[in-house]
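Heads up, the thing below is written out as structure tokens.
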Amino acid sequence: MHDLETMYRELGISPQVLEFGKKAEDSLKERFEEIDRRAEYNQMKVLKAMQDNRVSDIHFAATTGYGYNDLGRDTLEAVYASAFHGESALVRPQLISGTHALCVALFGNLRPGDELLSPVGKPYDTLEEVIGIRDSVGSLKEYGVVYRQADLREDGSFDYEAIEKAINEKTRLVTIQRSKGYATRPTLSVERIGELIAFVKKIKPDVICMVDNCYGEFVETIEPTDVGADMIVGSLIKNPGGGLAPIGGYIVGRKDCVDRASYRLSAPGLGKEVGASLGLNQPLFQGLFLAPVVVAGALKGAIYAANLYENLGFSVFPGGSDPRYDIIQAITFGKPEGVIAFCQGIQAAAPVDSFVTPEPWDMPGYDAPVIMAAGAFVQGSSIELSADGPIKPPYSVYFQGGLTWYHAKLGILKSLQKMADAGLAKLE
Ligand SMILES: *Cc1c(COP(=O)(O)O)cnc(C)c1O
């Protein structure tokens, strides 16, 4: 093992930083064991779904053109439906991203005059233009779908009174975002999502409850489909793609809901029957197979970072010993230099583009310069180790991912090294 310290030194980690990290890691044995137990359960869940659906070598064959009778695609969708306990699934490389999958699910299931309700506050940024909260061409609003919102209460609890008031005969679909995304509210546990769905369905049993499941898959041993969600939606370049999916999104749930989404993705009358998989079935199967373990590594990284930076006196969200319901970690540095040093450390630890130094830049659509660290195999993949932060108060950085725990660990140590070298963190 003496070689390991040498190896870390060759990667630019000083013995002091390594020792500081070790203290945090040593205190986390029990939490890591708990994460491993969940990963084991979820691994068995995925394996069983693959065996039950008799996944075979022939399912990895590529189809082209219309993609009629794509056995691999149909089996992949059956596996997703089994693993996430839904009646049906749409899992496609033609779903470009999480935003696109959510857009297809919403447009497929809403009609002019319907109302859409978010009972958990403002949805993820990119959905504002899909819904028309921010004016945009082609939004649901342009098609006559009305959006309502009930905010969470100050303490993060559901505002049941406001939710009840917002539900009426026109309410067709309720959208619930599991992860906090880049907001400061807590992420919802699956159990809490279940309570919310039960409340909504008691008032209006025929309302469709959709959960934006991004960043939440395999963090717990149950998914929102286990507690009454009619549809769950997510991105394959986050958790369920296991780092191997080069593109894609999924919608799993009630058959009629998934079918309606499929008529929007392809065309009315065509639905799920078309869409060539172009040789991507194999990495999509294999990515799902690896996903439980990859998510466990990302979770360990998030908890390790929270504890390490908490020990240094920074404010972290969620806190070092808080329960986890997604893989995102926020750390507040209070000054721009902290955000920059952190992101540069994450970048320097990457397997790809480690030699690049990220700098803040004026990204379109943002009101402050943003710095981003990503040395990913798949562009924009945030199950891979990545970090970003806007250069504005309170100077927080959001970071997530890591295809392996060891890589996440190196990234965090490297960030700490940059902070220490710049005199921004004191290791006593
Ligand atoms: C990432 C994310 C999305 C959008 O996914 P993209 O793949 O980036 O389009 C939507 N909702 C939540 C909560 C997310 O984290």
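In listed order, ligands and their atoms are each counted from 1. Computed from heavy atoms alone, side chains included, the values below leave out hydrogens, waters and symmetry copies.
Classification of the Y160-F199 ring pair by plane angle, with boundaries at 30° and 60°, yields tilted. In this structure, Y143 and F107 have perpendicular ring planes: the angle between them is above 60°, well past the 30° mark.
Listed by number with element, the atoms of ligand 1 under 4.0 angstrom from any heavy atom of Q177 are 13 (C). Of all the atoms in ligand 1, the ones that sit under 4.0 Å from a non-hydrogen atom of Y215 are 15 (O). Near S97, the atoms of ligand 1 lying under 4.0 angstrom from a non-hydrogen atom of the residue are 7 (O), 9 (O).
Judged by the shortest distance from any of its heavy atoms, L102 lies inside the 4.0 Å radius around the atoms of ligand 1.
In summary, the aromatic rings of Y250 and F84 are positioned with their centroids under 6.0 Å apart.
Considering only non-hydrogen protein atoms, atom 7 (O) of ligand 1 sits nearest to G98 N, 2.8 Å. In this structure, the protein non-hydrogen atom closest to atom 4 (C) of ligand 1 is T99 OG1, 3.4 Å. In terms of protein heavy atoms, atom 14 (C) of ligand 1 is closest to K238 NZ, 3.0 Å. Among protein heavy atoms, atom 11 (N) of ligand 1 sits closest to D212 OD2, 2.6 Å.
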Checklist entry - Taking it one step at a time, do D226 and H85 satisfy side chain to side chain donor-acceptor pair (under 3.5 Å)? => result CA-CA 7 Å; D226 294 313; H85 305 145; 2.5 Å; yes
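For S179, no nitrogen or oxygen atom sits less than 3.5 Å from a nitrogen or oxygen atom of ligand 1, counting backbone and side chain alike.
Looking at E34 and R37, a side-chain N of the basic residue comes within less than 4.0 Å of a carboxylate O on the acidic one, giving a salt bridge. By the 4.0 Å N-to-carboxylate-O rule, E220 lies too far from R324 to be salt-bridged with it.
For CD of E142, the number of neighbouring non-hydrogen atoms (other residues, nucleotides, ligands) closer than 6.0 Å is greater than 12.
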